[in-house]
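Note that these values count all heavy atoms, side chains included, but never hydrogens, waters or copies made by symmetry. In this text the structure is predicted, and so the values were computed from the model without any measurement.
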Amino acid sequence: MRTAGKRRTDLAALLEHLDLHDTTLVGLSTGGGEVSRYVGRHGTGRVAQIVLASAVPPFMLQTADNPDGIPVEAFDSSAQPT
């Protein structure tokens, strides 16, 4: 059985192995949680955008009781037009 941690590690390894940049990650249903976890752990260095379709993402905001979450500044900057 693949755990969430293993899936996001596999995704990181694949993006690195293929040397992909400016990638669009699409997560459908629980895949949205995987995309969210990937970005939370590995950042957006290889990712241009994410698409969460009918997603079941985890709680993503970094808080005192969720220290592995994404800092609020990342949400604020992602909402800015490019």
Side-chain angles (χ1 to χ4, degrees):
M1 183 165 109
R2 311 291 297 168
T3 64
K6 180 63 176 150
R7 286 188 295 266
R8 75 172 163 247
T9 300
D10 289 348
L11 177 57
L14 178 65
L15 293 176
E16 184 176 330
H17 176 75
L18 297 175
D19 196 27
L20 297 177
H21 299 275
D22 298 322
T23 305
T24 299
L25 299 178
V26 179
L28 173 65
S29 188
T30 57
E34 299 307 320
V35 169
S36 301
R37 287 181 185 95
Y38 168 84
V39 171
R41 174 67 65 181
H42 299 282
T44 58
R46 294 182 178 272
V47 179
Q49 55 190 342
I50 62 172
V51 177
L52 304 178
S54 297
V56 184
F59 182 67
M60 298 187 310
L61 185 62
Q62 186 179 53
T63 61
D65 55 345
N66 188 33
D68 292 330
I70 301 170
V72 70
E73 296 82 17
F75 289 101
D76 292 342
S77 66
S78 69
Q80 300 301 316
T82 56

Between [X] and [Y], which heavy-atom pair has the shortest distance, and what is it?
X	Y	result
A55	G32	CB-CA, 3.9 Å
V47	G43	CG2-O, 4.5 Å
R46	L20	NH1-O, 2.9 Å

Set of residues satisfying side-chain contact (heavy atoms from CB on, under 4.5 Å) with respect to [X], sequence neighbours excluded:
X	answer
L11	L15, L25, Y38
H17	none
T63	F59, L61, D65, N66

Open item on the list: Does R37 form a side chain to side chain contact (heavy atoms under 4.5 Å, CB included) with R7? I'd like the steps, not just the answer.
Closed with: CA-CA 9 Å; R37 287 181 185 95; R7 286 188 295 266; 5.8 Å; no

Open item on the list: Determine whether a donor-acceptor pair (N or O, by modelled atom type, separation under 3.5 Å) exists between the side chain of Q62 and the backbone of P67.
Closed with: yes

Task: Rounded distance [0.5 Å steps], OG1 in T23 versus CD1 in I50 - done: 12.5 Å

- [ ] Working to the nearest 0.5 Å, report the span between OG1 of T9 and NE2 of H42.
- [x] 5.0 Å

Open item on the list: When you group the ILVMFWY residues by side-chain heavy-atom contacts below 4.5 Å and let the links chain together, are L28 and L14 in the same group?
Closed with: no

